[in-house]
Amino acid sequence: MLDPKLLRHQLEFCQQQLARRGFQLDVEKFSTLENQRKALQVRTQALQKERNAKSKAIGQAKAKGEDASDILAAVADLGDQLKAAEEQLHAVQAELNALLMGIPNLPHATTPDGENEEDNQEVRRWGEPRQFDFEVRDHVDIGEGLGLLDFETAAKITGSRFAVMHGGIARLHRALIQFMLDLHTQEHGYSETCVPFIVNADSLRGTGQLPKFEEDLFKLYHEHDYYLIPTAEVPVTNIVRDTILEKMPCRFVSHTPCFRSEAGSYGKDTRGMIRQHQFEKVELVQVVKPEDSYQALEELTAHAEEVLKRLKLPFRTMALCAGDIGFSSAKTYDLEVWLPGQNKYREISSCSNFEAFQARRMKARFRNPESGKPELVHTLNGSGLAVGRTLVAIMENYQQKNGSVQVPEVLQPYMGGVSIIE
RNA sequence: GGAGGGAUGGCUGAGCGGUUGAAAGCACUGGUCUUGAAAACCAGCAUGGGUUAACGCCCAUCCAGGGUUCGAAUCCCUGUCCCUCCGCCA
């Protein structure tokens with residue numbers, strides 16, 4: 001959520017910045033509601049003040065044993081007036097809040113202009129795509145060829161966009177998770193965290209998936225409004241919801257499955273493991289002081305990049321343009337890994353600074369030692385990395401002419417010394 | 001699933017329907033004392049919002065939402081969460 005004060009006092013600025021990301025702020029509606037809110041709030045509070053004063057006088061009169069019937073008569077119709085004013089105020093506040101919850105974050109000054117992914121800017125590039133002296137296969141052909149990847153059976157068990165992995169591929173998948181967790185906890189200073197994979201609606205509102213993006217989620221058939229997590233970002237970031245932190249920064253790394261309905265992506269990436277309803281991800285989450293958040297974004301992005309470097313997978317880092325960043329983000333870097341099977345770079349990590357956007361929704365604060373007052377924190381997260389896509393990248397980049405797959409050196413200790421999957 | 005008990009400020013924990021935003025203790029901050037520190041003593045110390053140039057003033061908040069009342073932390077209803085016991089269970 002944006003700062004309501006910023007919207008009130010710098011509405012034009014907000015409108016301009018939101019326009020950069022293609023969001024049309026209904027200035028007129030906001031102003032009208034805001035003016036109504038102000039008038040109603042002042043009126044309601046004045047009535048409350050009057051009621052409080054009169055009630056107190058009644059109490060004092062009764063304590064002295066005096067007759068309070070005059071004051072009681074004076075207060076007679078106050079209750080109805082107050083109730084009416086409160087109801088109107090609540091209605092306007094609810095409408096205003098709904099409007100506010102639907103407004104995306106302002107892009108940061110360093111987020112480049114642009115409408116869509118065509119306009120994203122390459123920041124840096126690492127590694128050289130390998131030259132193959134045989135015909136390159138994609139991960140589906142490789143995996144099915146080895147008999148270790150099975151989409152048909154997954155379709156029988158559940159439906160489309162699921163996979164069954166066996167043997168060396170399943171183990172490689174597990175090895176990747178262990179490797180990533182170890183790297184981030186042992187070298188990057190993150191604390192390993194295990195969280196629920198089912199969350200409530202408050203948590204999803206906190207990080208921004210609700211109310212606008214419910215159709216992307218799997219909702220459970222249950223007496224409460226429970227959802228499968230679309231990313232560990234939701235449960236992990238919500239650790240700090242409704243809290244005043246004393247120690248900062250917080251750095252969490254968490255491995256979870258992620259569940260996405262992929263509504264609206266019909267026909268996109270239908271082949272293989274790139275876009276699944278269920279996938280695993282190792283997620284990095286940081287909660288930092290506002291002045292540190294852009295430094296933290298650079299560091300977090302570097303932590304994700306380090307995974308690709310150790311795996312020797314070529315990638316490029318993209319600064320997403322204002323039209324392509326997510327709803328809650330002020331600035332996002334995407335890491336795109338080279339996939340020989342597709343002959344292009346594909347997203348494998350997304351690292352974002354949400355500034356206070358999520359913190360305001362979550363009421364996540366820290367106590368500023370200088371002022372002694374609670375202030376909103378800044379939150380960040382990034383994939384470090386998406387495990388399924390990393391597996392795809394390894395299969396395609398490390399494939400051999402005979403259809404086998406080499407195991408990257410750093411993963412071999414996690415594979416019991418196995419160096420080739422065949 | 002059954003039966004009870006509970007939820008109060010950063011923490012612990014009092015609180016008859018009426019100057020209770022809330023006792024007390026701890027923690028924290030400042031001061032006195034001390035060469036310094038500790039101890040002792042004194043003082044301050046909730047959150048959100050409105051309004052104001054500012055000092056300030058005002059409103060709300062004792063898990064959440066309704067209700068009763070001139071007035072609710074206190075009474076009633078509903079929900080959520082936590083604890084204890086019984087049953088079931090990975």
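When reading the values below, keep in mind they use all heavy atoms of this one structure, side chains included, and skip hydrogens, waters and symmetry mates. Throughout, a chain's letter reflects where its sequence line sits, starting with A, and its residues are numbered from 1.
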Undergrad: Report the base-pairing partner of B:rA37 (Watson-Crick or G-U wobble, both distances below 3.5 angstrom), or none.
TA: none
Undergrad: Is it the case that the side chains of A:Glu283 and A:Thr256 hold a donor-acceptor pair, with the cut-off being a distance below 3.5 Å and no angle test?
TA: no
Undergrad: Check the distance between B:rA64's C1' and A:His224's NE2 and give it to me in whole angstrom.
TA: 14 Å
Undergrad: Is there a side-chain polar atom (N or O) of A:Asn52 under 4.0 Å from OP1 or OP2 of B:rA60?
TA: yes
Undergrad: Take A:Asp269 and A:Arg389, measure what salt bridge (charged side-chain N to carboxylate O under 4.0 Å, His left out) needs, and give me the verdict at the end.
TA: CA-CA 12 Å; A:Asp269 298 316; A:Arg389 289 189 181 181; 5.2 Å; no
Undergrad: In whole angstrom, give me the gap between the C1' atoms of B:rC42 and B:rG49.
TA: 34 Å
Undergrad: If you round to the nearest 0.5 Å, how far is CZ of A:Phe30 from CG of A:Leu7?
TA: 4.5 Å
Undergrad: Say whether A:Arg361 and A:Gln358, considering side chains only, have a donor N or O and an acceptor N or O under 3.5 Å apart.
TA: no
Undergrad: Toward the 5' end of RNA chain B, which comes first, A:Lys49 or A:Gly59, by nearest nucleotide?
TA: A:Gly59
Undergrad: Using the C1' atom as the point on both nucleotides, what is the distance between B:rU8 and B:rU61, in whole Å?
TA: 12 Å
Undergrad: Rounding to an integer number of angstrom, what distance separates B:rA46 and B:rC28 when you compare their C1' atoms?
TA: 13 Å
Undergrad: Distance check needed: B:rU69 P versus A:Leu82 CG, whole Å only.
TA: 14 Å
Undergrad: Quick one: A:Leu89 CG to B:rC58 P, roughly how many Å, whole number?
TA: 20 Å
Undergrad: Give the rounded distance in Å between these two atoms: NZ of A:Lys54 and C1' of B:rC70.
TA: 10 Å
Undergrad: Quick one: look up who B:rC45 pairs with, Watson-Crick or G-U, both distances under 3.5 Å, and put none if it's unpaired.
TA: none
Undergrad: What is the base-pairing partner of B:rU84, counting Watson-Crick and G-U wobble geometry with both distances under 3.5 Å?
TA: B:rA3
Undergrad: So A:His277 and A:Phe162, would you call those rings parallel, tilted or perpendicular, with 30° and 60° as cut-offs?
TA: tilted
Undergrad: So which nucleotide from B:rU19, B:rC70, B:rC58 ends up closest to the side chain of A:Val75?
TA: B:rC70
Undergrad: Produce a footprint string for nucleotides 46-51 of chain B: one letter per nucleotide, 5' end first; B if the base is under 4.0 Å from any protein heavy atom, S if only the sugar-phosphate is, - if neither.
TA: -SSBSS
Undergrad: Using atom P in both nucleotides, what's the gap between B:rA22 and B:rA60 to the nearest angstrom?
TA: 14 Å
Undergrad: If we take the P atom in both B:rC75 and B:rA38, what is their distance in whole Å?
TA: 45 Å
Undergrad: Would you check if the distance from the ring center of A:Phe259 to the ring center of A:Phe197 is below 6.0 Å?
TA: no
Undergrad: What's the CD-P distance between A:Glu87 and B:rG66, to the nearest Å?
TA: 10 Å
Undergrad: Watson-Crick or G-U wobble partner for B:rA73, using a 3.5 Å limit on both distances?
TA: none
Undergrad: Rounded to the nearest angstrom, tell me the gap between atom CG in A:Leu40 and atom P in B:rC58.
TA: 22 Å
Undergrad: Could you state the CD1-P distance from A:Ile71 to B:rC70, rounded to the nearest angstrom?
TA: 14 Å
Undergrad: Please state the P separation for the pair B:rG9 and B:rG15 - nearest whole angstrom.
TA: 15 Å
Undergrad: Quantified in whole Å, what is the P atom distance between nucleotide B:rG5 and nucleotide B:rC55?
TA: 50 Å
Undergrad: Which one is paired to B:rA23, where only Watson-Crick or G-U wobble pairs with both distances under 3.5 angstrom count?
TA: none
Undergrad: Calculate the interatomic distance between A:Lys83 atom NZ and B:rG71 atom P; express it in whole Å.
TA: 11 Å
Undergrad: For A:Lys62, answer base if it contacts any base atom (sugar-phosphate contacts may also be present), sugar-phosphate if it contacts only those atoms, and nothing otherwise; contact means non-hydrogen atoms under 4.0 Å.
TA: base
Undergrad: Closer to the 5' end of RNA chain B via nearest nucleotide, is it A:Gln60 or A:Ala46?
TA: A:Gln60
Undergrad: For a side-chain hydrogen bond (donor to acceptor under 3.5 Å, both in side chains) check, start with the C-alpha distance between A:Glu396 and A:His139, then their side-chain angles and the critical distance, and finish with the verdict.
TA: CA-CA 6 Å; A:Glu396 295 193 1; A:His139 69 282; 3.1 Å; yes
Undergrad: So which atom in A:Ser293 and which in A:His378 form the shortest heavy-atom distance, rounded to 0.1 Å?
TA: OG-ND1, 2.8 Å
Undergrad: Write down the distance separating the C1' atoms in B:rU80 and B:rG65, rounded off to the nearest Å.
TA: 10 Å
Undergrad: What is the pairing partner of B:rA64, taking Watson-Crick or G-U wobble pairs with both distances under 3.5 Å in any strand?
TA: B:rU78
Undergrad: Could you tell me whether the side chains of A:Ser350 and A:Asp334 share a donor-acceptor contact shorter than 3.5 Å?
TA: yes
